[in-house]
Visitor: 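One structure coming up, written as structure tokens, with questions to follow.
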Amino acid sequence: MNRDYFKTPFGWVEIRADARRVEGILFVPEPLEASANELTERAKEALEAFLMGKAVHPLPFPCAFASELSRRVLEELAKLSFGEVVTYSELGRRALGVHQRAVARVMASNKIVLLYPCHRVVAQNGLGGYSGGGVERKKAILEWEKSLCAREAKTE
DNA sequence: GAACCAGGTCCCG
DNA sequence: CGGGACCTGGTTC
């Protein structure tokens with residue numbers, strides 16, 4: 001298993017990958033010793049693009065999914081653009097009738113943070129949760145995307 | 001507004 | 001293998 005670390009405005013992320021696929025991109029408190037390989041490099045480039053406001057879909061690397069259903073939900077999720085949000089039920093509907101509860105489960109176990117933007121999925125009556133480092137981080141990411149959109153609109 | 005149920009998966013006994 | 005928990009939401013009291 002190879003690892004590498006990447007600094008975002010929201011904190012450090014750890015990129016984990018083996019030779020065949022990316023196993024996870026998760027928030028960590030601080031970077032540890034890196035052992036990059038080709039896939040972690042590619043993931044890092046994707047993250048850089050993301051921070052520059054470029055949509056990265058489809059992902060430029062293979063990655064691990066918990067199940068077929070979670071793949072469907074996450075692929076659907078990846079079609080959203082910056083600053084755009086959906087509710088759990090709406091996302092479930094788009095992914096061909098997956099129920100909200102299941103969508104929540106998929107989000108909770110999403111291992112590819114940011115690139116599969118599970119932070120863009122909100123509850124109907126509020127923010128919803130975020131296991132990738134607390135609701136504060138979710139809010140911060142959404143705020144950042146919103147300001148990014150505003151900036152793009154201005155420079156347009 | 002609170003309580004209860006529903007689909008999908010994981011975790012624990 | 002059975003039961004319960006979970007980043008929800010709709011219905012019902």
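Each chain gets a letter, A, B and so on, in the order the sequences are listed, and its residues count up from 1. Remember, it's a predicted structure, so these values are computed and weren't measured experimentally.
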Visitor: Measure across I25(A) and V22(A) and return the closest heavy-atom pair with its distance rounded to 0.1 Å.
Guide: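 Answer, listing the atom of I25(A) first, then V22(A): CG1-CG1, 4.1 Å.
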
Visitor: Could you walk me through whether T87(A) and E90(A) pass side-chain hydrogen bond (donor to acceptor under 3.5 Å, both in side chains), step by step?
Guide: CA-CA 5 Å; T87(A) 60; E90(A) 174 60 24; 5.4 Å; no

Visitor: Between atom CZ in R93(A) and atom P in dA6(B), what is the gap in whole Å?
Guide: 20 Å

Visitor: Could you check Q100(A) against A66(A) and say which one's nearest nucleotide on DNA chain B is further toward the 5' end?
Guide: Q100(A)

Visitor: From CZ of F65(A) over to P of dC10(B), roughly how many Å is that when rounded to an integer?
Guide: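 One finds 14 Å between P of dC10(B) and CZ of F65(A), rounded.
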
Visitor: For dT9(B) and S67(A) - does any side-chain N or O of the residue sit under 4.0 Å from the phosphate oxygens OP1/OP2?
Guide: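 Answer yes for this pair, as a side-chain N or O of S67(A) is under 4.0 Å from OP1 or OP2.
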
Visitor: Rounded to whole angstrom units, what separation is found between the CG atom of L77(A) and the C1' atom of dC7(C)?
Guide: 13 Å

Visitor: When you get a sec, tell me which of dC7(C), dT9(B), dG9(C) is the closest nucleotide to the side chain of N125(A)?
Guide: dG9(C)

Visitor: Whole-Å distance between dC7(C) C1' and K139(A) NZ?
Guide: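 Distance, rounded to whole Å: 15 Å.
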
Visitor: How are the rings of F27(A) and F10(A) set relative to one another: parallel (under 30°), tilted (30 to 60°) or perpendicular (over 60°)?
Guide: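 The rings of F27(A) and F10(A) stand perpendicular, inter-plane angle above 60°.
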
Visitor: Hey, is CD on E38(A) packed in by over 12 heavy atoms from elsewhere, all under 6.0 Å?
Guide: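 It does not: E38(A) CD has 12 such atoms or fewer within range.
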
Visitor: Round to the nearest Å and state the distance from F27(A) atom CZ to dC7(C) atom C1'.
Guide: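 Taking atom C1' of dC7(C) as the reference, CZ of F27(A) is at 15 Å.
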
Visitor: Please say whether more than 12 non-hydrogen atoms of neighbouring residues, nucleotides or ligands are located less than 6.0 Å from CD in E68(A).
Guide: yes

Visitor: Can you check the L91(A) CG to dC7(C) P distance for me, whole Å?
Guide: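 L91(A) atom CG is separated from dC7(C) atom P by 17 Å.
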
Visitor: Do you see a donor-acceptor pair shorter than 3.5 Å between the side chains of E75(A) and Y116(A)?
Guide: yes

Visitor: dT9(B) P sits how many Å from L74(A) CG, rounded?
Guide: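 Spelled out: CG on L74(A) to P on dT9(B) is 12 Å.
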
Visitor: Fill in the dot-bracket string of DNA chain B, one character per base: . for unpaired, | for a pair to another strand, ( ) or [ ] for pairs within the strand, taking Watson-Crick or G-U pairs under 3.5 Å.
Guide: ||||||.||||||

Visitor: For dC7(C) and dG1(B), measure between their P atoms and round to the nearest Å.
Guide: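 Per the computed distance, 23 Å lies between those P atoms.
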
Visitor: Measuring from C63(A):SG to R71(A):CZ, what's the distance to the nearest 0.5 Å?
Guide: 10.0 Å

Visitor: Taking atom C1' in both dG4(C) and dC4(B), compute the distance separating them and give it to the nearest angstrom.
Guide: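 That atom pair is separated by 16 Å.
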
Visitor: Answer with base, sugar-phosphate or nothing: what part of the nucleic acid does A108(A) contact at a heavy-atom distance below 4.0 Å?
Guide: base

Visitor: Take the protein atom OH of Y88(A) and the nucleotide atom P of dA6(B), then report the distance between them rounded to whole Å.
Guide: 22 Å

